[in-house]
Amino acid sequence: MTTLNWGSISSMLVLFGTAILVVTVASLIKSSKKDLLVQVMTALGGLGGLAAVIIYWHRVSSDGAKLSFADTVRIDHLALFIIGVISSIVFLSALTLKSFFAREKLFRAVTTEIYVLILLSATGGAIMASANDLIVLFMGLEVLSLAAYILAASNIRKAQSQESGMKYFVIGAFASGFFLYGIALIYGATGSTKLAQISQKLVSGAFVDDGFLLGGIALFLVGLLFKVSAVPFHVWTPDVYEGAPSPFVAFMSSAVKVAGFVALIRVLGGALIESAADWQPIIYAVSIASMAVGTLAALVQTNVKRILAYSSIAHAGYILIGIQAATKDGFAASLWYLAIYAMLAFASFSIVAAREGAISGNSINDPNHIDNYRGLASKQPFLAVIFAILLLAQAGVPPTSGFYAKFSVISAVVDARSYPLAIVAMIIAVAAAFIYIRLLIVMFFTPADSSLLGGATMSKTAFSKTTSKTMSPITQLDASENSDATFDKWKKLGANKLNLAVLTLAAAFTIAMGVYPAPLLELAQSAAQSLV
Amino acid sequence: MTVTQFVIASAVLFSIGVYGVLVRRSAVMVLMSVELILNSVNINLVAFGALHDNIAGEVFALFVITVAAAEVGVGLALVLLIFRNRKNINIHEVDLMKG
Amino acid sequence: MVAQNIAFGVMVGIMGLSAIRVVTTRNVVHAALYLMVVLATVAGLFLLLGAEFLGITQVLIYIGAVIVLFLFGIMLTGARIGKEKLLSHRNKVPALMIATVITAVSIYAAIDYFGADKLPEETRTSTKEVANSLFSQYIIPFEVASVLLLAALIGAIVIARREPHEENLTK
């Protein structure tokens, strides 16, 4: 008889339970306070997930990892670490979303559903993090992605958002197919879908030079590398991130990617660690390609969202470096990088979202064009300073968190004696600094006035380009509707302050982790230790 | 019957599905090709389940069917959404963004 | 055993040809119908492998629901019944190469690894076994499936909503 230890998955149950509660309560209440209530509940759900993680962290520390549900779920420090990150992102997302809903009228009918989708997606991520069986991993991945596809397409009147959702969906479904085929081959070769049993089979040494297993691993990796947008499976990322509503991009680029990486770490670092020699070369190549392509492409972009998208591809390359090392230190470094990256990506895209709200009145089509960030330091100094901190961290400038993150993955790979990879990573890190310096120069050292000239010519061409392609008259209506009046109203709502608070928190976290990284690093290390 | 027979059948179906995803322009057709891929996975899973005398393969296939149904539902909803505003479901002409 | 092998050959032959038609035909409705044939033969393969419950589920869900969904989708997007330009192909050659490579490599790996390993004579799994493991060992994925369906349901609501004034605009 299987013992059902529901307590062990309490953090997932909190996230899912909140989703159910939000749907139920929202359908019963008609008052105007509904939106606020739903937002508060979602934020509390995120906090509750975090609280459950903290409680269980201590239990796992004293009793060891908890296996439950016939060993299909494994709650260990790795799972809890990742669920903690995802829950925090849910909490922060819930806080920032209100201002977005206030200015995008279209979402008023479905605010509840959006919060629910975020909670469900996070539930899927939490399931992936604690999966000890490939079946559970796959189901978690599907919940996570399905909700994310919808979030990408949710701005249903913007052609770009629809297109982004469709692209994300088609690529995602295709990647799932590869992922599944890979799992099927791994199952065929080893006779089990349980991670622990797969690793036992490999330890027994029955699979030396086994092409069938290798094919399974390769297809499995293709599927997951699509999800974490590593080169050469990254092509969708800039398009999807550009078209999807910015606050949801903040969620997708942080929580969804974290979940994809934890699946990689769980399977490669846990079940397949014995055949590391088989998958290390693949990760090696993908990691270098991601860093190089992400960085080079980011240098030539003119849209801030696309710049950040390409920079997230480069970051994926750095995270893969630690995985490539295939040592406990390497996985710890990757996990630490992951936590820091999640916060940086979330906050950066949140700033883009906030900036969109401020300028949608005067720029016709591309509110994310880099020209719209000219002289940001004089117009919105606070926002500019926070963005500067986040960009410096992404560039890896000490004493920000980004420096130690890059430092720890590179030193892990040096310990594992892959010197070429370490050298390439360092060179690219220097080149990558230009991406962020370019944005800093635009924000701080370019006068705001010139934006009128440059911005107008730019948006004119962009406008004619888009109108010729857009069929719907609705899209243009959108632009004029979002007048300055809407923005003033948005400001008055006070929601802006909440956003700034979240962004301040993110910047504080970034600096704190740079100055005093030890506590979080220790958590990441004990998470990596819990890999079998 | 050997398990190789089923694995080969599945590989052929998988490749046809991959071909379909790569060449088709219409989103509905791409979705159909994805269904071919998922079915090839199921053949593999059930064959391996029989080979290893293990129920996991069959149960996994059940979950794959569930997921496929949910995916088709969401996918067709997206197709309808795009169609409603543009009267065109050609995913490769849907290209406002270049990159 | 011979009968089974003949059945296998016939079904895989039909499956392969129909699958090729699914990805090459220029008629959307025909593609959906060919897909139905593929799904039915896959159900046949499941029965051949002794997975009765799965075979029935395949018929009920795939042929009963998914194909109908596809046909609805085709109908609602107003695809003409008949040949369409929209269904023309692109990158045929590289796609064909990728597909051939995948097939060749998989076939080689399968023959190399499994060779002529016979499947057990008796591969029938009873529905009772499936149900038992579904509700004990695999209870978590089973519950997650319900989360997935909830997400799909809510997602469809978010996407399919219509603004009250949107209809006036499009007219």
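Residue numbering restarts at 1 for every chain, and letters A, B, ... go by the order of the sequence lines.
Between the side chains of A:Q197 and A:T190, no donor N or O sits under 3.5 Å from an acceptor N or O. In this structure, a donor-acceptor pair under 3.5 Å is present between the side chains of A:T193 and A:D133.
Interface remark: A:T111 contributes no atoms to any contact with chain C (heavy atom separation under 4.5 Å). For a residue to count as touching a neighbouring chain, one of its non-hydrogen atoms must lie under 4.5 Å from one of that chain's; by this rule C:I140 touches chain A with the side chain only. For A:L214, no part lies under 4.5 angstrom from a heavy atom of chain C. Only the side chain of C:F114 has a heavy atom closer than 4.5 Å to any heavy atom of chain A. At a 4.5 Å heavy-atom cutoff, the contact between C:L150 and chain A is made by backbone and side-chain atoms alike. Looking at A:L219, there are no atoms closer than 4.5 Å to chain C (heavy atoms on both sides), in backbone or side chain. A:S154 touches chain C through backbone and side chain together, each having a heavy atom under 4.5 Å away.
The choice from A:I114, A:I20, A:V143, A:I127 that makes the most heavy-atom pairs within less than 4.5 Å of chain C is A:V143. Across A:L144, A:I135, A:I9, the residue that shares the most heavy-atom pairs under 4.5 angstrom with chain C is A:I135.
With ring centers used as reference points, C:F70 lies 6.0 Å or more from C:Y62.
Checked against C:V28 for a side chain to side chain contact (heavy atoms under 4.5 Å, CB included), the options C:L33, C:I74, C:L71 give a single hit: C:I74. Screening C:I98, C:T103, C:V105 against C:V101 for a side chain to side chain contact (heavy atoms under 4.5 Å, CB included) leaves a single residue, C:V105. With A:F220 as the partner, the ring pair (Phe, Tyr, Trp, His ring centres under 6.0 Å) test is satisfied by one option alone out of A:F226, A:Y181, A:F179: A:F179.
No side-chain heavy atom of A:Y187 sits less than 4.5 Å from a side-chain heavy atom of A:I198.
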